Each structure stands twice: as structure tokens, then as C-alpha cells.
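Worksheet: the structure to be examined is printed underneath.
Each ligand, and each atom within it, is numbered from 1 in the order the structure gives. Predicted model only: the values in this text are computed from it and were never measured.
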Amino acid sequence: MPYDTGLDRNPANYAALTPTSFLTWAAEVYPDRLSGIHGARTFTWRETYARCRRLASALAKLGVTRNTTVAVMLANTPEMYEAHFGIPMAGGVINTLNTRLDADAIAFMLRHGDAKILITDRMYSDVMRDALARCGTNPVVIDVDDSEYDGPGERLGSIEYEDLLRTGDPSFPWAAPPDEWDSIALSYTSGTTGDPKGVVTHHRGAYLSALGDIVAWDMPSFPVYLWSVPMFHCNGWCHGWSVAAKAGTNIYLRKVDPAVMLRLIREHRVTHFGGAPIVYSFLVNAPDELYEGIDHTVHCFTGGAAPPASVIEATERRGFRLTHIYGLTETYGPATICAKKPEWDELELHERARLNGRQGVRFQLQEGMTVIDPETMKEVPADGETIGEVMYRGNMTMKGYLKNPKATEAAFAGGWFHTGDLAVLHADGYIKIKDRSKDIIISGGENISSLEVEDTIHRHGKVMACAVVAQPDEKWGETPVAFVELKDGASVTEEELILHCREHMAHFKCPKRVVFGPVPRTSTGKIQKFVLRQRVRSTAAIDV
Ligand code: ADP
């Protein structure tokens with residue numbers, strides 16, 4: 001077997017894939033280009049590389065080695081970016097904590113993930129103090145005292161980040177992991193589905209996902225990337241590693257605020273950013289004058305929740321090139337893209353938005369994604385009607401859930417990763433998500449897609465955000481109830497909205513009740529439907 005002998009792997013022809021290698025490359029090739037801008041602070045790729053090596057070296061001195069968990073509770077700052085390189089360069093596993101969680105949830109994660117080190121921004125000191133008191137472990141605490149933050153909060157730890165960096169070696173001889181399957185990140189799911197599960201990803205997958213984003217987005221060299229996606233969320237959809245691979249410039253952002261975002265887009269001529277659909281709802285409704293002076297092409301990704309067609313339309317009208325993506329923490333963030341076809345450009349905006357509202361097709365770097373009947377494990381017919389579960393397989397899928405073999409086994413049953421999202425497959429191979437399995441409303445035996453009802457409500461020009469959930473009903477089993485947040489200064493009655501729905505949808509799908517007021521969201525812009533379901537259950541109980 002000539003091809004099986006004498007042709008082995010050796011250090012000259014094989015290296016473990018790791019996204020940290022993108023940083024070395026950017027620093028070697030473009031040392032003087034700007035890697036980041038954070039208010040008054042700027043960094044070059046040479047500086048960022050040196051800071052990451054210092055961090056890796058300092059962490060190694062604190063005992064971080066292969067598979068040590070290092071938790072971070074950080075905003076989208078340079079330190080958070082550096083953590084994505086420095087921690088894995090020391091062999092550690094980065095555990096990004098969701099900055100909006102409460103102390104109990106964080107304490108659970110610190111304990112379950114067994115974090116030996118915690119890097120925390122002063123802004124979150126209240127929650128973190130309680131979490132540290134409750135977690136039952138004793139991580140070394142490093143404070144980030146960001147000069148761009150002048151709000152309340154105190155230092156909790158023994159050393160400040162900049163002082164820590166000074167203890168590290170800027171030429172630290174870091175090495176790629178011995179095995180590209182080694183863990184790089186631990187990310188707890190946001191808990192919209194109950195107990196958080198610790199998603200573990202590997203160097204190889206992170207490397208491929210970062211490149212997958214570049215290919216899917218057609219990202220050219222030197223992107224100017226605005227950090228509106230929280231970096232704690234699936235490692236910022238792997239975009240931080242992509243920016244290094246393209247020697248771009250990171251524009252850091254502590255808080256998503258449309259006025260600040262539009263100012264930064266104009267000032268720094270931002271070329272790329274991402275965000276949940278709600279970010280775009282706020283952006284498109286910002287006053288026209290904030291758009292003045294933005295005369296360059298801006299590419300953006302939206303995902304994390306289904307974007308209403310009206311939001312896609314409005315974003316296009318604002319001149320942004322919006323691409324719809326879909327994925328989960330378990331797939332390193334986006335792994336499906338609504339790939340645009342040139343012939344769609346000829347279509348009416350409304351029709352184009354409808355096509356773009358579909359979640360789409362797999363990333364090139366993900367081997368498989370389709371809609372499968374979970375009972376038979378067969379692909380559903382591509383008829384745009386038969387509902388099945390979205391499933392993935394390939395290199396952009398997690399290793400599994402930490403210390404949870406049962407959940408891991410269930411998630412990978414039949415050789416596919418089960419997402420829990422219900423969708424249909426269209427004739428052109430594009431998928432359209434109808435609901436998460438637990439969000440679908442079953443009324444009189446008919447399935448109602450809550451997303452479809454929300455999409456229709458969104459078409460009413462005065463609606464800012466909305467969520468539709470099932471309300472228990474004696475006669476129908478369940479009926480839809482809509483929670484609606486109106487645009488500033490707008491007023492609409494319940495009857496008007498229900499009538500609007502009846503004009504655009506089958507009547508059984510229309511909400512039977514509309515509740516006006518703020519819609520509860522997670523920090524990543526996902527609506528917390530379980531909170532709303534609890535609310536309708538308790539009011540239903542009172543009504544009875
Ligand atoms: P969690 O499961 O804790 O909410 P994730 O961030 O992993 O955390 O969420 C992934 C889920 O978000 C998907 O399973 C899906 O339900 C939803 N989602 C993400 N992107 C989209 C999209 N483009 N359209 C519809 N739903 C989406």
C-alpha cells in the first residue's frame with residue numbers, strides 16, 4: 001500500500017490548527033497596522049501580540065496549563081479580545097461569562113467549570129462579589145479597571161490586569177496545543193432552555209469557524225470591525241479570530257447604543273458588524289441625522305433570533321448590506337447563512353426581504369445541515385411545509401457538554417447534532433425556522449409558528465418588538481397571545497393590532513390577546529419567552 005507507508009505526519013507537514021496562529025501572522029505581516037481602537041486607547045498588531053504573550057506568560061506563572069479554565073466577566077474591551085488569545089496560548093480554556101446574569105447563575109458556572117482564575121471588569125463587581133461568595137471555590141481574581149469606564153464598582157481581586165501584564169514576558173514562547181482537538185472555550189448556553197449547559201469547543205473548530213465566517217461574509221483584508229456582538233456570546237461568533245486572520249481593526253464597544261454605534265461607524269468607517277435583530281430594530285429607528293456622513297459600504301450579519309422581514313427591509317433601506325445567519329453556541333455561533341443570489345437583486349425589496357428572512361444553507365466549512373424528522377432520522381421533503389428538526393454535522397460542531405454525557409449523547413443521537421429548532425426545507429435547499437420546539441403553539445390541533453405571527457405583527461409600522469407565546473385555553477388547548485413593545489411615542493389599540501393580523505394571516509393564527517409593555521430580553525437580544533409563558537399562565541390562573 002504505497003500511500004499508507006512512509007508518508008506520515010511530521011512537524012514539517014502537519015501543525016495543529018489553532019486560531020491563535022492568526023495573531024502571530026497579523027503581527028508578523030502587519031505589525032504597525034491598528035489592531036484596535038477603544039476610545040482614546042489604540043493598539044497595533046505588534047502591541048496586541050506582545051500583550052497577549054504577556055498575558056499567556058503571566059497566566060502560566062499563576063499555574064494555568066493545558067485544560068485550566070479561566071473565566072472572564074468582561075465587556076467588549078481590548079482585555080476581552082486579548083483573553084481570546086492569551087488564555088489558549090497558555091493552554092487554558094476561556095470561559096466567557098454572560099455579563100447580564102445574576103450571582104447565582106454565575107456562581108453555578110464558576111463552580112461547574114472549575115475556574116482557577118477569574119478576570120473581571122470593575123463594572124460587574126456587585127454581581128461578582130456575590131457570585132464569588134457563593135461559588136464555593138476560590139479562583140485567583142484579576143480586575144480590569146478600564147480607563148474608558150468611569151461608572152460605579154470596585155476592584156475585587158489581588159491584582160489589576162495591567163499590573164498582571166507587566167509580570168508577563170512579551171516574548172513568551174507559547175506553542176500550539178499538542179492536539180487540535182484540545183478544548184479552547186467553555187460557553188454556557190444562555191439558559192432560555194432551562195439549566196445552563198457547558199458547551200465545550202476545540203482549537204480546530206474555532207480555527208475553521210473563524211475562516212468560515214470570512215468565507216461566508218466575503219471579508220476582505222483589513223476589515224474595520226465594530227464590536228456590537230457581545231464577545232461573551234459564543235466567543236463573539238468567532239469574529240475576533242477572523243479579524244486577526246484579516247489583520248483588521250477592532251472597534252471596541254462597552255455598550256450597544258445606536259447613537260454611539262452610528263458615530264463609530266462614521267468616524268472609523270466601520271466595514272463590518274453583527275447583532276441580534278433587536279439591535280437593528282433600534283438602529284433603523286434612530287433619527288436620520290445620525291446617518292449623515294455614512295457614505296461607505298457597511299456589511300452586517302444578523303442572527304441569534306429570527307429577524308422579522310420588516311427589520312431586514314428597513315435595514316436595507318438604511319443602506320446597510322445585511323446578511324442573515326443562524327447557529328447556536330454548540331456550532332461556534334453562526335453555521336448557516338442565507339446566501340444571497342445575484343438574481344434576488346432584481347426582485348422587489350419586500351420579496352427579497354422574505355427570501356433573506358430564511359435561515360438558509362450551511363457554511364462551506366460545516367459539512368452538513370438540514371431538516372430531519374427526529375423519529376425516522378430522514379430528511380424531510382423539500383416542500384416548504386413539512387416540519388422537522390434542524391440538525392448539523394461537521395467540523396463546526398462542539399465537542400460536547402462539560403460533565404454531562406447524557407445531554408451530549410442525546411444531542412448527537414443518530415450521528416447528527418440536534419438543535420431543538422423546528423424548520424421546513426424549501427425546494428431550493430434553504431431552510432426556514434418556524435420555531436423552537438418548545439415555542440410552537442398548538443391550537444385546536446393546528447401548529448402555529450410563533451415566529452410567523454411575530455413577523456406579521458412587526459409589519460405594523462408602530463411596533464418596535466414583539467413576542468408571541470401560547471396561552472392555555474380550555475377550548476383550543478392553546479391560543480396565541482402577543483406581547484408588544486411600541487416605538488417611542490406611538491399608540492395602537494389591541495383591536496387594531498388583532499385586525500392587522502386578521503388581514504394578513506389565517507384567523508386561527510391571530511393573537512387572541514395583546515399585552516403592551518416592555519418585552520423581557522436576554523443580554524444577547526433574545527426574548528425570554530419562558531418569562532412570558534409564566535406570565536400568561538399566572539394571569540390565566542387569575543382570570544379563572
Ligand atoms: P440559548 O440556546 O441558550 O438561547 P444560543 O445563543 O446558543 O443560546 O441560541 C441558539 C438559538 O437561537 C437557536 O437554537 C435558535 O433557536 C435561535 N436562533 C439563532 N439564530 C437564529 C435565526 N437566525 N433565526 C431564528 N432563530 C435563531
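With respect to the salt-bridge test (charged N to carboxylate O, under 4.0 angstrom), the residues Arg459 and Glu313 qualify. Between Arg358 and Asp428, at least one side-chain nitrogen of the basic residue sits less than 4.0 Å from a carboxylate oxygen of the acidic one, meeting the salt-bridge criterion. A salt bridge does not link Glu409 to Lys406: none of the charged side-chain nitrogens sits closer than 4.0 Å to a carboxylate oxygen. Salt-bridge formation is not detected for the pair Glu343/Arg352: no Lys NZ or Arg NE/NH1/NH2 atom is positioned less than 4.0 Å from an Asp or Glu carboxylate oxygen.
The shell of residues lying under 4.0 angstrom from ligand 1, judged by heavy atoms, excludes Val199. Within the 4.0 Å heavy-atom cutoff, Gly333 does not count among the residues contacting ligand 1. Using a 4.0 Å cutoff on heavy atoms, Gly304 counts as a contact of ligand 1.
In terms of polar-atom proximity, defined here as any N/O pair under 3.5 Å, His233 does make such a contact with ligand 1. Note: an N/O pair closer than 3.5 Å links Asp421 and ligand 1 by distance alone. Taking distance alone, with nitrogen or oxygen atoms compared against 3.5 Å, Thr302 stays at or beyond that limit from ligand 1. Every N/O-N/O distance between Cys234 and ligand 1 stays at or above 3.5 Å. Annotation: Arg436 places an N or O atom under 3.5 Å from an N or O atom of ligand 1; distance criterion only. Taking only nitrogen or oxygen atoms, main chain and side chain alike, Ile325 reaches within less than 3.5 Å of ligand 1.
Ring geometry for Phe108 versus Tyr188: interplanar angle over 60°, hence perpendicular rather than tilted (30 to 60°). Below 30°, between 30° and 60°, or above 60°: for His202 and Tyr332 the angle between ring planes is above 60°, a perpendicular geometry.
Taking the ring centroids of Phe22 and Tyr207, they lie under the 6.0 Å cut-off. Aromatic ring centres of Phe320 and Phe273 lie closer together than 6.0 Å.
Among Gly357, Ala305, Ala335, Gly360, the residue whose heavy atom lies closest to atom 22 (C) of ligand 1 is Ala305.
Taking a cut-off of under 4.0 Å to the non-hydrogen atoms of Thr189, the atoms of ligand 1 that pass are 3 (O). Set against the non-hydrogen atoms of Thr329, the atoms of ligand 1 under 4.0 Å away are 5 (P), 6 (O), 7 (O), 8 (O). Within ligand 1, counting atoms from 1 as listed, the ones closer than 4.0 Å to a heavy atom of Ala306 are 22 (C), 24 (N), 25 (C), 26 (N).
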Before giving the answer on ring pair (Phe, Tyr, Trp, His ring centres under 6.0 Å), spell out for His239 and Trp217 the whole-Å C-alpha distance, their side-chain angles and the decisive distance to 0.1 Å.
CA-CA 11 Å; His239 288 173; Trp217 217 349; 5.2 Å; yes
